[in-house]
Each structure stands twice: as structure tokens, then as C-alpha cells.
There are 2 protein chains.
Amino acid sequence: MKSSEKTFTAIVETAYRMFSEYGIAKTTYSMIAEEVGISKPSIYYYFKSKEELINYIFEEVCKAIEFSAFFTLKNFTKDNFKDELVAVGFRMIEEQAKDKHFNRVIQEYLLLASRNKKYIQRFEMVQQEFLVGFEDLLKRGSDLGVTSSVNVHAKAHMLAMILDNIGNFMLLDVKIDYKQVWIEAVATIIRDEV
Amino acid sequence: MKSSEKTFTAIVETAYRMFSEYGIAKTTYSMIAEEVGISKPSIYYYFKSKEELINYIFEEVCKAIEFSAFFTLKNFTKDNFKDELVAVGFRMIEEQAKDKHFNRVIQEYLLLASRNKKYIQRFEMVQQEFLVGFEDLLKRGSDLGVTSSVNVHAKAHMLAMILDNIGNFMLLDVKIDYKQVWIEAVATIIRDEV
DNA sequence: GTCTATAATCGGATAGAC
DNA sequence: GTCTATCCGATTATAGAC
């Protein structure tokens with residue numbers, strides 16, 4: 001790794017951490033520079049404005065939360081459907097719990113997106129992919145005969161909401177057994193197919 | 001209403017709207033003053049620092065989102081249990097849809113709270129009240145024989161998460177039939193009690 | 001690539017007149 | 001209560017040397 005790449009990475013990682021700790025608006029080039037150990041104007045060599053840095057990290061975050069980063073439709077079979085669904089949910093919960101900055105940065109960008117056309121479209125893509133992904137998954141489940149075929153749409157959205165909001169609850173460090181909640185949610189999808 | 005009260009109200013309402021539109025960090029006394037039509041230092045007569053203004057609006061927001069502001073346990077009977085649960089959820093959804101600034105301001109404060117001991121405790125109170133409230137409600141439901149008595153804890157948390165996250169989805173203007181999702185969620189609680 | 005120096009602007013906050 | 005004037009520190013960003 002070239003020295004310039006090292007600096008680039010250091011800037012991005014430090015900015016990400018500070019976006020989480022202090023918020024995007026209150027994170028300044030001075031703070032990042034001091035933490036990285038370079039001068040403030042040096043950052044402008046890599047990102048010609050603060051906005052460009054914000055954009056870059058936004059794209060990184062989006063890639064990390066895509067539905068396809070977690071779910072692979074064809075991994076779900078008649079025999080493993082429920083277990084697989086539970087397992088993937090667990091993996092997402094663990095991923096979120098592992099990186100303590102993750103949820104906060106997502107929320108920061110969610111707010112930014114809600115105010116800014118530039119971000120909102122990209123975020124809607126991710127969100128939509130998730131809803132459609134869950135819907136396809138439940139359709140497959142109903143084809144396989146392991147889930148009900150009624151209200152697939154609303155059920156898919158319900159699952160998406162629960163998984164999504166686990167991050168929100170984690171923000172406040174709410175003492176909940178998140179995995180148990182997910183098990184319960186999956187069970188409501190499977191259950192009425194006795 | 002005295003003139004001073006009018007100014008006070010104008011400051012608070014303008015700040016609330018601007019916290020939503022631009023974020024708490026990027027809302028300045030200058031912006032508020034200009035919008036209200038007074039000078040910047042005049043605001044200091046009412047709020048001796050920006051932090052004090054932030055605190056005041058935080059308290060207002062907390063009062064508006066308390067469980068008891070929506071749910072009254074004794075309104076739930078054997079006959080109306082499901083309908084009442086659906087209806088109260090609808091009322092919350094409508095409340096959120098009505099005030100377009102509400103969700104954003106909540107998310108702003110959620111992030112603030114996640115970084116600040118001062119806010120986090122108050123928010124945890126609200127959150128906890130909601131979780132316990134739903135749990136009590138489901139216990140009552142199971143006493144009345146309309147809901148299952150298994151996994152009441154996780155089910156209550158699931159309901160809380162769904163209702164809570166509807167606001168999050170609204171932020172991105174996700175095209176979902178929120179009421180249908182809530183109906184589905186309530187149904188999963190009732191359903192297995194055939 | 002990284003630095004020093006600096007411009008231009010804006011933030012929160014106070015003093016003190018009316 | 002509301003104003004004008006003002007302080008001080010911080011912010012984004014650029015110019016230009018090395």
C-alpha cells in the first residue's frame with residue numbers, strides 16, 4: 001500500500017468514526033486532521049470538499065447494507081427455510097452489534113437523505129431492494145409450501161421493519177434479546193402454515 | 001396571550017420546524033431570529049443558550065410520544081381487544097403522518113441521546129414505558145383469553161419495534177400501506193389463539 | 001503529497017442602551 | 001423585552017512554498 005493510500009484510508013476511517021461519535025455536521029476537517037496526524041489542508045488533496053467526503057462514506061455505507069450482501073434466495077430450501085431465515089437475521093444483528101458506529105452513521109445518513117434529493121434516491125433503492133427481497137423470499141417460501149400465501153406483501157414489510165429497527169433500538173442500548181424478537185417474527189410467518 | 005409569550009411560542013415553533021428541516025446542529029440562532037422577525041440576541045432573553053432551547057424542545061417531544069399519550073389499558077376488553085389495538089396503532093400512524101416534522105425531530109434527538117447521557121435516560125424511560133406497556137397489554141389480552149400467553153415478552157417488543165419503525169420508514173417516504181402492516185402485526189398476536 | 005499562512009465567513013454569546 | 005455593536009473562536013477553503 002502506497003503512503004498516499006494509507007493516508008486516504010486513515011482519513012476515511014477516522015471520518016467514519018467521528019461521524020458516529022459527533023455527528024456529520026459537527027465533525028470538522030480540523031478534528032479529522034488532528035486525529036490522523038496531518039494538517040487540515042492535506043485532506044483537501046483527497047477530498048476537495050467536506051461534501052465530497054460525506055458522499056464517499058455514504059456510498060460505502062450503502063454497499064454494506066444492501067439486501068444482497070446478506071440474503072441469497074437460492075440458499076433457501078423447503079427443509080432449511082425457517083432456520084436459514086433465522087440464521088441470516090442473526091448474522092445481520094451480529095454485524096450491527098460488532099461495529100458500534102454502524103447504526104449511528106446509518107441514522108446520520110438517513111436524516112441527511114430525508115432532506116436531500118441527492119441521497120434519498122440511493123437510499124430508496126436500498127430500502128426498496130430490501131422490501132422486494134423479502135417479498136420474493138416469502139413468495140418462494142409459499143411456493144415451497146412452508147409459509148402462507150396470504151398478505152405476503154405486508155408480511156414482508158413487517159419483517160423488513162423489524163430487522164431494520166433493531167438497529168434503532170441498539171442506538172439506545174435497549175436491553176432486548178434481539179435474536180429472540182427475530183425468532184418470534186420468523187415464527188409468525190411460518191406458524192399459520194401448520 | 002402576552003406579547004412575550006407570543007415571541008416565546010414563535011421561537012419554539014420556528015426552532016422545531018428548523019430542527020426538522022436543517023437538523024439541530026445546523027440550525028442557528030441567526031436563522032431562527034430572522035424567521036421569527038427579531039434580532040439574534042433577543043432569543044437569549046428566552047433561552048440563555050442554544051443548549052437550553054434544545055433541552056426545552058426535547059422535553060416537549062418526549063411528552064408527545066409517551067405510551068400513556070396513546071394507550072389506556074382499561075379501554076381494552078375481550079370483545080374489542082383486537083379492534084382497539086388496531087385503532088390505537090392507526091391513531092399513532094395518523095399522528096405521525098400529520099406532522100411532517102415529527103419523525104425527523106425524533107430521529108435528531110435519538111442521535112443526540114445516543115451520544116449524550118443527559119438525554120439518554122429520559123429517552124430510555126419513554127422507550128421502556130412503551131415496552132412494558134405493550135407487555136402489560138398482551139398480558140391483559142392473555143388474561144382475557146384473546147391472545148396467547150407464550151413469548152409475551154418478545155411479542156410485545158416486536159409490536160413496539162414495528163410501530164416505532166413506521167416513523168423511520170416514513171422519513172424516506174417509503175410507499176407502504178402502514179396500516180396494513182400494523183393490521184398484519186396485530187393479527188400475528190391474535191391469530192394463534194384460534 | 002504535505003506543509004504554513006491566511007482569507008472570508010459564521011457560530012455562540014455578552015455588554016449595555018433604550 | 002428588544003435592540004445595536006461587538007468579541008472571540010472555529011469553519012470551510014485557497015494560495016503558494018517545499
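Because only heavy atoms are used, hydrogens play no part in the values below, and waters and symmetry mates are left out as well, while side chains stay in. First the proteins, then the strands, lettered A, B, ... as listed; each starts at 1.
Between chain A and DNA chain D, the heavy-atom contact criterion of under 4.0 Å yields a 5' to 3' nucleotide range of D:dT11 to D:dT14.
The stretch residues 4-38 of chain A touches DNA chain C through A:S4, A:T7, A:I38, each having a heavy atom within less than 4.0 Å of the strand. For residues 41-50 of chain A, proximity to DNA chain C is found at A:P41, A:S42, A:Y45, A:Y46, defined as any non-hydrogen atom under 4.0 angstrom from a strand atom.
In this structure a side-chain-to-backbone donor-acceptor pair under 3.5 Å is present from A:K50 to A:T27.
Under the ring-ring contact (aromatic ring centres under 6.0 Å, His included) criterion, A:F8 pairs with A:F47, A:Y56, not counting sequence neighbours. Residues passing the side chain to side chain contact (heavy atoms under 4.5 Å, CB included) test with A:D83, sequence neighbours excluded: none. Contacts of A:K117 classified as salt bridge (charged side-chain N to carboxylate O under 4.0 Å, His left out), with partners at least two apart in sequence or in another chain: none. A:R140 meets the side chain to side chain donor-acceptor pair (under 3.5 Å) test with no other residue; sequence neighbours excluded. Residues passing the side chain to side chain contact (heavy atoms under 4.5 Å, CB included) test with B:S42, sequence neighbours excluded: B:I38, B:S39. Applying the salt bridge (charged side-chain N to carboxylate O under 4.0 Å, His left out) criterion to A:E5, with sequence neighbours excluded, gives no partner residue. Among residues two or more places apart in sequence or in another chain, the side chain to side chain donor-acceptor pair (under 3.5 Å) test is passed with B:Y119 by B:N55.
Sorted by first then second residue, the salt bridge (charged side-chain N to carboxylate O under 4.0 Å, His left out) pairs that include residues 60-72 of chain A, not counting sequence neighbours, are A:E66-A:R122. Pairs passing the side-chain hydrogen bond (donor to acceptor under 3.5 Å, both in side chains) check and including a residue from residues 127-139 of chain B, sequence neighbours excluded, read B:E135-B:H153.
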